[in-house]
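What follows is one structure encoded as structure tokens, with my remarks underneath.
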Amino acid sequence: MSEDERAPGGREAAVLAARRASLERLRAAGIEPFALDLRSALGVREPTPLASVRAAFAGLGPDVLTPERRTVAGRVVLARDLGRLRFLVLRDRTGDLQVVAGEDTARFGLLAEVDLGDIIGVTGRVGTTRRGELSVFAEAWAMLTKALRPLPEKWHGLRDPDLQQRRRYLHLITDETPRRHVLARAAVLKALRSVLDRQGYVEVEGPVLQPTAGGAMARPFTTFHHALGIELKLRISLELYLKRLLVGGLERVYEIGRNFRNEGIDRDHLPEFTMLEAYRAWVDYEAMMELSQTLVVEAARAVNGIVGRAPDDLVLPVRGREVDLTPPFERITVLGSVSEAVGEEVRLDRPDLAALAERHGVEVAPAWGPGKIVQELFEALVEPTIVRPTFVCDFPREVSPLARPHRDDPSLTEHFDLVAGGIELVTAFSELTDPIEQRERFELQQRLKEALGGQAHPLDEDFLRALEHGMPPAGGLGLGVDRLLMLLTDAPSLRDLVMFPAQRPASPPDQPVG
RNA sequence: GGGCCUCUAGCUCAAUUGGCAGAGCAACGGACUCUUAAUCCGCAGGUUCGGGGUUCGAGUCCCCGGGGGCCCA
């Protein structure tokens with residue numbers, strides 16, 4: 001049942017009825033309130049963007065009427081009725097502009113049927129009012145789309161975060177922030193693709209529906225394919241199929257796509273999120289550091305214009321601090337930074353690791369090995385303190401099942417995370433190519449998962465089979481696009497960067513209790 | 001999963017110790033030929049998220065449930 005079937009509150013019903021009545025009056029006057037286009041009424045195919053009018057007539061003094069005629073269109077967001085003179089403010093994707101209607105305006109009387117929220121078109125000469133406001137002085141106008149529901153409060157807009165998400169269209173009409181977020185996402189995606197395309201990577205699309213969801217530790221969403229008669233999972237990472245393409249000889253591949261994880265929702269986690277993963281043959285994780293740096297810097301430059309920063313400004317405000325993205329990024333190691341944080345040397349072979357962790361407020365599960373304990377120490381003590389973009393290198397082998405053992409210390413892996421402003425942006429490896437070791441690592445992960453009471457996924461046998469055919473040495477990275485956007489826009493939550501984040505349905509009116 | 005906060009008119013918000021549910025915007029009727037959140041006059045609008053309880057009396061206190069936010073796991 002939709003919320004609109006609720007017994008209507010008196011006022012809302014009256015507002016809706018008034019809009020319907022206005023609609024009928026327009027029809028009675030021979031005006032179609034849902035027009036096909038601007039052509040029939042105004043003789044123009046598309047309106048001039050409001051910002052273009054502003055740009056073309058900037059600097060006009062007050063009380064000027066130019067001979068220049070323009071047709072504009074947009075949503076009416078403000079209306080001031082002075083009797084025989086009427087001011088309307090239109091809003092389109094580029095901005096706002098005032099329209100003035102008076103005795104020279106055709107069908108002036110019917111303008112009384114224009115409500116806040118209606119979409120109209122106006123043709124007239126461009127000029128300024130006595131107070132100097134740039135305006136189109138309406139000669140003709142057209143109702144393009146009648147709005148049957150009112151806009152939110154014209155000054156405060158939609159402040160309720162629940163309604164901002166549920167009715168994002170209203171949020172977009174009344175607040176420029178979500179619009180900037182949409183534009184920032186588009187700019188970042190374009191910048192990421194541009195960097196990779198320039199470097200000869202091929203964009204590919206792997207399967208979203210997978211028989212076994214691999215490449216990460218996360219609970220997947222499950223669905224059922226009726227024709228095939230099998231259960232399928234929504235992917236939790238892009239990794240294993242991209243690596244199959246490396247086996248197949250593609251050498252430089254990337255994918256930008258949605259991953260799905262059936263887990264908790266908070267500021268930094270959404271059930272669906274956008275990942276970039278890129279793989280390149282013949283290189284190691286050093287090359288991925290370079291690539292990460294380029295991707296982050298180019299994305300930052302692409303967003304600067306949208307959020308009002310200078311084009312080359314790489315110093316961003318993030319959660320009340322300044323983050324300087326100027327390369328080269330810093331480098332630290334997991335063991336080195338944890339040692340510094342606890343004030344004594346931390347090694348994977350220390351027998352008292354668990355006690356050490358507990359002393360620093362990290363609760364240790366019995367099934368955890370030394371690698372896991374060190375990783376938890378890192379995430380608790382070091383990661384939140386990292387402000388400058390920093391490559392955190394050489395994670396313990398135990399917690400990094402897809403990365404190659406470190407060339408200098410086989411208890412570690414060639415695995416780095418890029419962290420900036422306390423946000424984890426990138427995970428990258430020198431990829432593990434040894435299929436025998438890969439199987440052992442997967443099996444170890446399964447045992448660990450079971451020991452912790454979780455349900456282990458079956459192994460992706462076809463992936464292991466592909467590795468047995470031989471994957472070239474390669475470096476790979478995964479970049480969280482939403483998190484990168486959070487860093488670049490200083491949005492407080494990932495939910496702000498996704499127009500329609502997953503939500504429970506609004507509480508229905510007649511829901512049975514219990 | 002746990003803790004804290006929150007939900008009142010279409011929207012933004014008030015409501016003293018538990019004592020007549022209010023304002024602005026939007027709407028509706030009217031005035032106004034230069035407004036800038038226009039102004040002015042008038043009018044109307046409520047399942048106080050849902051259910052139960054305590055009480056002479058509940059928006060307010062208690063219990064159960066729902067939506068949202070923040071923090072923790």
Taking only N and O in the side chain of A:Arg149, is any of them less than 4.0 Å away from OP1 or OP2 of B:rG10? no
Criterion side chain to side chain contact (heavy atoms under 4.5 Å, CB included) on A:Leu172 and A:Met499, from CA distance to verdict: CA-CA 9 Å; A:Leu172 282 160; A:Met499 284 301 100; 4.2 Å; yes
RNA chain B: 5'-proximal contact among A:Gly132 and A:Ala502 (nearest heavy atom): A:Gly132
Quick one: side chains of residues 103-117 of chain A, donor-acceptor pairs under 3.5 Å with protein atoms, not counting sequence neighbours, listed by atom name and distance.
residue	atom	partner	partner atom	Å
A:Thr105	OG1	A:Gly102	N	3.0
A:Thr105	OG1	A:Gly102	O	3.3
A:Thr105	OG1	A:Ala138	O	2.8
A:Arg107	NH2	A:Trp141	O	2.6
A:Glu113	OE1	A:Ser22	OG	2.7
A:Glu113	OE1	A:Arg25	NE	3.2
A:Glu113	OE1	A:Arg25	NH2	3.0
A:Glu113	OE2	A:Arg25	NE	2.7
A:Asp115	OD2	A:Lys146	NZ	2.7

Minimum heavy-atom distance A:Arg75-A:Ile173, with the two atoms named: NE-CD1, 3.4 Å
Just the atom pairs and distances: protein N or O near nucleotides 2-5 of chain B's N or O, under 3.5 Å.
none

What is the distance, to the nearest angstrom, from the CG atom on A:Leu158 to the P atom on B:rG69? 14 Å
Between B:rA26, B:rC11, B:rG68, which nucleotide gets closest to the side-chain atoms of A:Leu116? B:rA26
With the side chain of A:Thr129 defined as its heavy atoms from C-beta on, choose the nearest nucleotide among B:rU36, B:rC28, B:rU12. B:rU36
May I ask you to evaluate whether A:Arg159 reaches the phosphate of B:rC13, defined as a side-chain N or O under 4.0 Å from OP1 or OP2? yes
For the side chain of A:Leu85, starting at C-beta, report the closest nucleotide among B:rG68, B:rU33, B:rG10. B:rU33
To the nearest angstrom, the CZ-C1' distance between A:Arg166 and B:rG67 comes to 6 Å
For residues 372-383 of chain A, which side-chain donor-acceptor pairs fall under 3.5 Å, sequence neighbours excluded?
residue	atom	partner	partner atom	Å
A:Lys372	NZ	A:Glu376	OE2	3.0

Can you name the closest pair of heavy atoms from A:Leu353 and A:Leu348 and give their distance? CD1-O, 4.0 Å
Please list, for nucleotides 70-73 of chain B, all pairs of protein and nucleotide N/O atoms separated by less than 3.5 Å.
residue	atom	partner	partner atom	Å
B:rC70	OP2	A:Arg495	NH2	2.5

Minimum heavy-atom separation for A:Met275 and A:Val481, please, with both atom names. C-CG2, 4.2 Å
Please list, chain by chain and in numerical order, all residues satisfying ring pair (Phe, Tyr, Trp, His ring centres under 6.0 Å) with A:Phe442, sequence neighbours excluded. none
Does A:Gln165 have a side-chain nitrogen or oxygen under 4.0 Å from the phosphate oxygens OP1 or OP2 of B:rG67? no
Is B:rG45 paired to anything, Watson-Crick or G-U wobble with both distances less than 3.5 Å, and if yes, which nucleotide? none
For A:Arg54, I'd like to know if atom CZ has over 12 heavy atoms of other residues, nucleotides or ligands within 6.0 Å. yes
When you measure from the side chain of A:Pro161, which nucleotide among B:rC34, B:rC11, B:rG68 comes out closest? B:rG68
Would you tabulate the pairs of protein nitrogen or oxygen atoms and nucleotide nitrogen or oxygen atoms of nucleotides 38-42 of chain B closer than 3.5 angstrom?
residue	atom	partner	partner atom	Å
B:rA38	OP1	A:Lys154	NZ	2.4
B:rA38	OP2	A:Arg80	NH1	2.4
B:rA38	N6	A:Asp81	O	3.1

